[in-house]
Amino acid sequence: MELVEPRPPDPTWPRYSTAAFPAYRFVAGLNPHPRRHPKGHAYGTPELPPPRVPPERWRENAVYLQGIDLYNFAYWWECHEALEGLWHLTGHRGTQAQFLQGIIQVAAANLKRHMGSLTGARRLGAEAVERLVSVGAGSYMGLGLEPFIRGVRDYHVDESTRAIPLIRLD
């Protein structure tokens, strides 16, 4: 299988941040590692911890909003990196930790599936569904959970659709 950069599922999807997108979407084996390679799009940039923003003030969380944009526009490795900093702030415990880890796992599953690793994508997708279901019903940090969970399950677990689940915030 030839490696190519993923394409955004819907280039007209709404953006939630004004941050510029990276120069390329990282795919291992295709382009330089963003942080470790001198030609990487984030090489030499310091990894600063993001500011703490309570989940109910998600609209003010620039890192979260940028992470969602990265996810929706198929910058899945970059989304994982952005949201991981927020996940670390949670101490890896609690509702917000489960939510962020769930989205991180969906982004990783999307990248695995794009690269042809269906078993890895299925496993990550199933773990993501479990985490997101544990968050509860309704909306969390602007995301309507039920439709997104259904989309993740359909795409990664049941493989009953080819539609990559996108994140629409309230």
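These numbers come from the heavy atoms of this one structure, side chains and all, not from hydrogens, waters or symmetry mates. Along the sequence shown, the residues carry numbers beginning at 1. Keep in mind the model is a prediction, meaning the values are calculated, not measured.
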So do [Y] and [X] actually touch side chain to side chain, heavy atoms under 4.5 Å?
X: N72; Y: Y16; result: yes
X: I149; Y: V152; result: no
X: P6; Y: V27; result: yes
X: R25; Y: R7; result: no
X: P9; Y: L166; result: yes
X: Y75; Y: P22; result: yes

Looking at every heavy atom in both [X] and [Y], which two are closest together, and how far apart are they?
X: P34; Y: E78; answer: CG-OE2, 4.5 Å
X: L169; Y: M141; answer: CD2-O, 3.7 Å
X: L145; Y: G136; answer: CD1-O, 3.1 Å
X: P50; Y: L89; answer: O-CD1, 3.3 Å
X: A28; Y: L3; answer: O-CD1, 3.4 Å
X: G125; Y: A109; answer: N-CB, 3.9 Å

Which residue pairs pass the ring-ring contact (aromatic ring centres under 6.0 Å, His included) test with at least one member in [range], sequence neighbours excluded?
range: residues 116-136; answer: none
range: residues 136-170; answer: F99-Y140
range: residues 33-63; answer: Y24-H41, F26-H33, H33-W77

About how many Å separate [atom2] of [Y] and [atom1] of [X], when rounded to the nearest 0.5 Å?
X: Q96; Y: E56; atom1: CD; atom2: CD; answer: 8.5 Å
X: I167; Y: I103; atom1: CD1; atom2: CD1; answer: 4.5 Å
X: Q98; Y: L132; atom1: CD; atom2: CG; answer: 9.0 Å
X: R52; Y: N61; atom1: CZ; atom2: CG; answer: 12.0 Å
X: C79; Y: N110; atom1: SG; atom2: CG; answer: 9.0 Å
X: I68; Y: L143; atom1: CD1; atom2: CG; answer: 7.0 Å

Among the clusters formed by ILVMFWY side chains lying less than 4.5 Å apart, do W76 and W13 turn up in the same one?
->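 Same cluster: W76 reaches W13 through Ile, Leu, Val, Met, Phe, Trp or Tyr contacts under 4.5 Å.
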
Within one Ile-Leu-Val-Met-Phe-Trp-Tyr cluster: I164 and L118, side-chain cutoff 4.5 Å = no

List the residues meeting salt bridge (Lys or Arg N to Asp or Glu O under 4.0 Å) with [X], not counting sequence neighbours, and say none if there are none.
X: R57; value: E60
X: E127; value: R123
X: R15; value: D69
X: R131; value: none

Could you note down all residue pairs passing side-chain hydrogen bond (donor to acceptor under 3.5 Å, both in side chains) where residues 160-170 supplies at least one of them, sequence neighbours left out?
->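 Every pair satisfying side-chain hydrogen bond (donor to acceptor under 3.5 Å, both in side chains) with a residue in residues 160-170: S139-D170.
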
Residue pairs passing the salt bridge (charged side-chain N to carboxylate O under 4.0 Å, His left out) test with at least one member in residues 135-152, sequence neighbours excluded, are none

With sequence neighbours excluded, give me every salt bridge (charged side-chain N to carboxylate O under 4.0 Å, His left out) pair touching residues 26-51.
-> R35-E47, R35-E81

Residues that F73 engages under ring pair (Phe, Tyr, Trp, His ring centres under 6.0 Å), provided they are two or more places apart = F21

Mind checking what makes side chain to side chain contact (heavy atoms under 4.5 Å, CB included) contact with A108, not counting sequence neighbours?
-> L124

